[in-house]
There are 2 protein chains.
Amino acid sequence: MGSSLPTMEDVANRAGVSRALVSLVMRDSPKVSDGSRAAVLAAASAIGYRPNLIARNLASHRTMTIGVFLDDLHNPYYAEIADGLLATAYGHGYHTLITTGRRHPNEQQRAIETLFGMQTDGLILLSPRFPLTIIESLAVNLPVVAVAEPLKSDHIDTVSNDERVGARLIIDHLVGLGHRRILHIDGGEGPAATMRLRAFRRVMKMHGLDPGPRISAEEFTEAGGERATDRLLKSAEPMPSAIFAANDLIAAGVLDRLDDTKIRVPRDLSLVGYDNTALATMRRMSLTTIDQQRVAIGSLAVETLIDRITTGRPAGQHHVLAPSLVVRKTTAAPRSK
Amino acid sequence: MGSSLPTMEDVANRAGVSRALVSLVMRDSPKVSDGSRAAVLAAASAIGYRPNLIARNLASHRTMTIGVFLDDLHNPYYAEIADGLLATAYGHGYHTLITTGRRHPNEQQRAIETLFGMQTDGLILLSPRFPLTIIESLAVNLPVVAVAEPLKSDHIDTVSNDERVGARLIIDHLVGLGHRRILHIDGGEGPAATMRLRAFRRVMKMHGLDPGPRISAEEFTEAGGERATDRLLKSAEPMPSAIFAANDLIAAGVLDRLDDTKIRVPRDLSLVGYDNTALATMRRMSLTTIDQQRVAIGSLAVETLIDRITTGRPAGQHHVLAPSLVVRKTTAAPRSK
DNA sequence: CTGAAAGCGCTTACAG
DNA sequence: CTGAAAGCGCTTACAG
């Protein structure tokens, strides 16, 4: 089927001009007279010609395309980052191609290979579920920006949320209300989750507080939050007076599970989420949460990538953006105090 | 940068074999001895060679890639369809490339051009925000499956939810509870919204009920649902006893806005959503809603596309999948009855 | 603006 | 398995 598509040759024939002229017009060259341009464009649209990008790319060694890998289409967090990212790429005249691995390591590898094989000019990785070191050999030949923890590598640029600030905002807020038994429900084994857990532990220690046992939701989902809450309720451990959930989805799972018990939020337990998703803003949830600069993270990732693509800058760049706290109705002073 | 990447030539030199052999190995040909295969693979990984897919595609006229256009990354509805879609494509050995237009018509056009330019073997369009007739000329040369209302066209296959069944399930349920003043809050001008509105009106008439004035959320978002509710509350119209919102996000917006009034759901007003998203399942929402066969819609779209790609089938295929009703706690008998 | 040439990194088809 | 050739649809660089 593809072979029957019109080519530049066809456009040139129909317009009665050279193939070189058609090529200039398609690349928006300023050296073409308005009359010729109009004639070529008319011929092109008459026969339904559209440039074959892969042929162009093969010849020019540029694709003007940014590949975006994203961990999970289900997490609204990525949608927001993607917003900033896509708008900025579009503004710079870049095409954007997205792939995802649906949280399966195999498919994630394949998704990135697809982007690589398509010869995108650069790659943006949103929270990949594998160590970045795997990607490093790739990054020697291809600009890569990861929305992930800063690396020592000069080959991969990073843009990330300041986890230390996030944890501090949450814990300061809870401690200010009088809480001391604060539990973190973490997001599992992924790099983002590990980073957040580490920040929590550090800040708790700074406050002279015991970070307590590890309770994990294993993934950034509602179901994970429910399961973790189940385990907590069944455990012999004393209940915490406040929970810092690794993201809003986990917090929603916690809330949902607690709604099935006699424990009331925030009367008996305070709860904080992370990401300030649409869910958190609803009156029925009114979740106290952390607002990451999601759109800015997306834009900055693109700016950083394009900078590396166009300048060939050899040194790594690592941007860290500070989040803010949004206090709603799931946090209050502990009951028995 | 791209020019410094290793090519087949480099692999052949290092392995001491011909370029043709390398090509056979990379395409997983069975005519290669195990020894040769191992040698080639070793050489490839030693120098970090990965096949240049765009060169392969240009030469072979196949990309083994399916392009997926999706309207809005924020709507969890698409994430679920994408799940079925990606898993099925992966199972058939196809790569998948996603683009989105963030609900802007210009960017949507560009997003589709990108996929087309990349010479994907076929396109799947998830609820495009423009008339499919624009795409028809494209579809003459390229297999296209749209998750959208069935067309008369033989060039575009469609897979869709049975809107008539959905509307009937909702209205039968509400009428069974005793409701007669049922209002639909529609999703705006897009094709999916129009289809759903039309189904609502038809089924209302079949019941001999008045579909009432048109109230639109203008988009499938929480904010749209809030605005529509605002307008409803301020209007002179008598309040309905039940609302059928065009999707769960709109329903959430309605609920959120009503939580700010003295109107209680379902005591004073019944509410039904559409899509059975994670939101609807939460105890605090417990939204009665319609469950589309999302994963099946995604899988079937891929199967239909691959069928057209491989057989060149000239006739259009139009699949319609019946949804089901999930009754939760936002619907009950009307109060004053 | 035209025209002819070389090349991008592969695949395809074929003779050996 | 090798080797040489042609071609995919473009871009690039150049002489005119």
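Fair warning: this is a prediction, and the values are worked out from it, not measured in the lab. Residue numbering restarts at 1 for every chain, and letters A, B, ... go by the order of the sequence lines.
- Scanning for side chain to side chain donor-acceptor pair (under 3.5 Å) contacts around A:N13 gives an empty result, with sequence neighbours left out.
- A heavy-atom distance below 4.0 Å to DNA chain D is reached by these residues of residues 16-26 of chain B, ordered by number: B:V17, B:S18, B:L21.
- For B:S60, taking side-chain heavy atoms from C-beta onward, the closest of the listed nucleotides C:dT11, D:dT12, C:dC8 is C:dT11.
- Applying the side-chain hydrogen bond (donor to acceptor under 3.5 Å, both in side chains) test to every pair with at least one member in residues 14-24 of chain B, sequence neighbours left out, gives these pairs: B:S23-B:R27.
- Rounded to whole Å, atom C1' of C:dT11 lies 14 Å from atom CZ of B:R62.
- C:dG9 atom C1' lies 13 Å from atom CG of A:N57, rounded to whole Å.
- Rounded to an integer number of Å, the gap from CD of A:Q119 to C1' of D:dC8 is 16 Å.
- Legend: residues meeting side chain to side chain donor-acceptor pair (under 3.5 Å) with A:R62, ordered by chain and number and at least two apart, are A:Y94.
- The residues A:D83 and A:R294 are annotated as not salt-bridged, no charged nitrogen and carboxylate oxygen being separated by less than 4.0 angstrom.
- The side-chain hydrogen bond (donor to acceptor under 3.5 Å, both in side chains) pairs that include a residue from residues 42-60 of chain A are A:R50-B:E113, where partners are two or more places apart or lie in different chains.
- Looking at the side chain of B:H61, the nearest of the listed nucleotides C:dC10, D:dT11, D:dG9 is D:dG9.
- Put simply, CZ on B:R50 is 17 Å from C1' on C:dG9, counting in whole angstrom units.
- Atom CD1 of A:I47 and atom C1' of D:dG9 are 14 Å apart (whole Å).
- Residue B:I66 forms a side-chain contact (heavy atoms from CB on, under 4.5 Å) with just one option from B:L123, B:T88, B:V302, B:V145, and that option is B:V302.
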Under the rule of Watson-Crick or G-U wobble with both distances under 3.5 Å, where | means paired to another strand and [ ] a crossing pair, DNA chain D maps to |||.||||||||.|||
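- Rounded to whole Å, the distance from CE on A:M64 to P on D:dC10 is 18 Å.
- Applying the side chain to side chain contact (heavy atoms under 4.5 Å, CB included) test to A:A39 and every residue at least two apart in sequence or in another chain returns nothing.
- Residue-to-nucleotide proximity on DNA chain D shows that, of B:R37 and B:A59, the 5′-proximal contact is made by B:R37.
- Remark: A:E136 engages A:S153 in a side chain to side chain donor-acceptor pair (under 3.5 Å) (not counting sequence neighbours).
- The interatomic distance linking A:L53 (CG) with C:dC8 (C1') rounds to 15 Å, in whole Å.
- Ranking C:dT11, D:dC10, C:dG9 by closeness to the B:A55 side chain, first place goes to C:dG9.
- When the C1' atom of C:dG9 is taken as reference, atom CG of B:N13 falls 14 Å away, rounded to whole Å.
- With sequence neighbours excluded, the residues that form a side chain to side chain donor-acceptor pair (under 3.5 Å) with A:H92 are A:E303.
- If you check C:dC8, D:dG9, D:dT11 against the side chain of A:R27, the one that comes closest is D:dT11.
- Listed nucleotides C:dT11, D:dC10, C:dG9 differ in distance to B:L58; the shortest reach to its side chain belongs to C:dG9.
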